[in-house]
There are 2 protein chains.
Amino acid sequence: MSENKTTLTDAVHDLLRKAIIEQALKPGMRLPEDTVGEQFGVSRTIVRHALVRLEHEGLVVTRRNRGAFVAEPSRDEAQHVFEVRRCLENDVIRLLCQRMPGSGYDRLEAHVRQEEAVRGKDGPVSIRLAGEFHVLLAELTGNPVLTRYVSEVVLRCSLIMSLYARSHSSDCAVDEHSQIIAAIRTGDAQRAIEIMEHHLGAVAGRAELAAQPDSIQSILSHYGKELAQ
Amino acid sequence: MSENKTTLTDAVHDLLRKAIIEQALKPGMRLPEDTVGEQFGVSRTIVRHALVRLEHEGLVVTRRNRGAFVAEPSRDEAQHVFEVRRCLENDVIRLLCQRMPGSGYDRLEAHVRQEEAVRGKDGPVSIRLAGEFHVLLAELTGNPVLTRYVSEVVLRCSLIMSLYARSHSSDCAVDEHSQIIAAIRTGDAQRAIEIMEHHLGAVAGRAELAAQPDSIQSILSHYGKELAQ
DNA sequence: CGCAAGTAAATTGTATCCAATTGACTGATG
DNA sequence: CATCAGTCAATTGGATACAATTTACTTGCG
C-alpha cells in the first residue's frame, strides 16, 4: 500500500487518463506509442503498458497492428455503460443506508460545499468534482472493489458526455447531490434510489443517447455479417 | 471484433488465468517473468503484458521490484469481492426479469443439463461450469459491460474458494440454478434475488470467511501506521 | 478515367540488452 | 548473542533494436 512509490507507467497512465476526460485528447484521436512516448520523454514500453491499462478501463480501444485510439463509444455502448452505472450506484446507496461510516456525512457535505464554490463555471474543475462526488459515495461503502468499478464507469460516462452532450452544465446536479445525501440520512433507500435514478437520467438525457441515428456499423450490423467473410 | 486474430499476449493471458482458477498455480505462488516466459516459449515482454492484465483482474498482485504473485486475498478482500458479486448478480436478475431474450431460457436450461451431466464429479470441469452459469446469466442481459464485471468477480470468487473453502462440492448448486431460472421465468425479481442471495450465501459460507482470524496486517492495521515512516 | 496490383513508409508486435532496486548472506561490533 | 552495515546474486524497470503487419500511394492496364 504505502510502500508503492509511483512508477513511470503509473504517471503516464494517470496523465493520459486525465487528458482524455478533460477532452484534451478527443474521442477517436490516435495515440501512437512513440509520439506519446517522446512527448512525455519515456520509451514506447511505458506508453504501451499505460495503454493496456487504459484499454481495460474502456477509455482507449486498440486495433491490432493499427494502434490505440481514444475510445469513441457508440450510443449502444454508452447506454450499456450508463445502465451499469445506475445499477452500481443504486447498490452503493443500499449499502450506505445500512452502514454509513461516522465521518461520512461530514465528508459528503464538505464535497458539496466545494462543488457550490465553483457553481456556474463549466470548466474541467466542475466536471471533475461532479464525478468525484459519486466516487466518494462509493468509497464510503468501505468496499474498494465496488469503488473501483464505480470509478471506471464514472470516468467512462465523462468520456461519453464529452462525445454526445451539448453542455456539461451541472447547475442542478449540485442540488441533487444534496438531496441524495439527505435521503440516505433518513435511511430511505428507495427514495434515495429514485433521486439517483432521476439524477443519472438527467445526465444521460443530456447526452441525447436515443435521439440521433447511431453509428454506421451499428446500423449496418442489422443487415447481416455474411460479407465479413 | 471478428478481425482480432489472437495475439501472443492474449494466449499467455488466457493460459495463466486458466492455470490460476484451476489451482495449478496456487495463491501466493511467485510468477517470475522469465520463468513463465521460457515455459511458454515467449519473451518477458509478453509475460509482462499478460501480468499487467491479470493484476487488473485481481488475480495477481505485483509488488514493486519484487515481481508478480498469484493473488492471496485476505478475508476482508474476499468479503468485498463477494459483496460486489451479490450486488451485480442481483442487478442481472432485475434486468432479466424485465427483458429476457427469446432464446434465453433454452440456453440456460441447456447449461443446467450440462451441469447435471457432471454432477458428483468435483473436477475442474464442474467448477468451471458452475461459474459459467452466472456469466451466462449476465450475458443474457445483452450488456457487455455488466458481463465483464460479473466475469471478473466470478473468477475472483473461484480463486477465493480455492483458498478458503474446504470443498468445492456444488451438488446443491445445480438445483439452485434451476430454481433461479424458474423464479426469473415468473418475473418475480424479489424471489429470484432471495434464491440468489441464498445461493451465494451458501457458496460464501463454505469459505468460512468470518470464522477464522483475519490476516496479520488486517489486525495490525488497527494499531496505527506510525512506524511505516 | 476507374480499378487493381504492387511497392514503400509508418506503426505495432516481439525480442534482447542495460540499469536500478531488492533480499539474502556474511561478517563485524556493541 | 543480537543487531547492524556492507556486499552480492537475482529479478524487475525501462530502453533499444529487429521483424511483421497494415496503410497509403503509385503505377500500370483495361
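Everything numeric here is computed off the predicted structure, so don't read it as measured data. The figures that follow rest on heavy atoms only: side chains count, while hydrogens, waters and symmetry mates do not. Below, read A as the first sequence line, B as the second, and so on, with proteins coming before strands; counting in each chain starts at 1.
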| For atom CG of A:D34 and atom P of D:dG14, their distance in whole Å | 19 Å

| query | Whole Å only: how far is the CG atom of B:L8 from the P atom of C:dT12? | reply | 18 Å

| query | Taking only side-chain nitrogens and oxygens of A:T9, does any of them come within less than 4.0 Å of OP1 or OP2 of D:dG14? | reply | yes

| query | Any side-chain donor-acceptor pair under 3.5 Å between B:E197 and B:N90? | reply | yes

| said: Could you tell me how far apart B:R63 (CZ) and D:dG13 (C1') are, to the nearest whole angstrom? | reply: 17 Å

| query | Does a salt bridge link A:D10 with A:R53, judged by any charged N lying under 4.0 Å from a carboxylate O? | reply | yes

| Ring geometry between A:Y149 and B:Y149 (parallel below 30°, tilted from 30 to 60°, perpendicular above 60°) | parallel

| field | Rounded distance (Å) that lies between atom P of C:dT21 and atom CD of B:E33 | value | 17 Å

| query | Which whole-number value in Å describes the distance from B:R66 CZ to C:dT21 C1'? | reply | 11 Å

| said: Just to verify, what does B:E55 make a side chain to side chain donor-acceptor pair (under 3.5 Å) with, not counting sequence neighbours? | reply: B:T62

| In residues 44-52 of chain A, which ones come under 4.0 Å of DNA chain C, going by heavy atoms? | A:R44, A:R48

| note | Taken in chain and number order and not counting sequence neighbours, the residues that satisfy side chain to side chain donor-acceptor pair (under 3.5 Å) with A:R30 are none

| task | Between A:R30 and B:N65, just flag the one whose closest nucleotide in DNA chain C comes earlier from the 5' side. | result | A:R30

| said: Is there a side-chain contact between B:R64 and the phosphate of D:dG13, meaning an N or O under 4.0 Å from OP1 or OP2? | reply: no

| said: Is there a side-chain contact between A:S43 and the phosphate of D:dA17, meaning an N or O under 4.0 Å from OP1 or OP2? | reply: no

| query | Hey, what's the ring geometry for B:H199 with B:H134, parallel, tilted or perpendicular (30° and 60° as the breaks)? | reply | parallel

| query | Counting only heavy atoms not in B:Q39, do more than 12 sit closer than 6.0 Å to its CD atom? | reply | no

| Taking atom P of C:dA10 as reference, at what distance in whole Å does atom CG of A:L31 sit? | 19 Å

| said: Nearest whole Å is fine: how far is D:dT11 P from B:F69 CZ? | reply: 11 Å

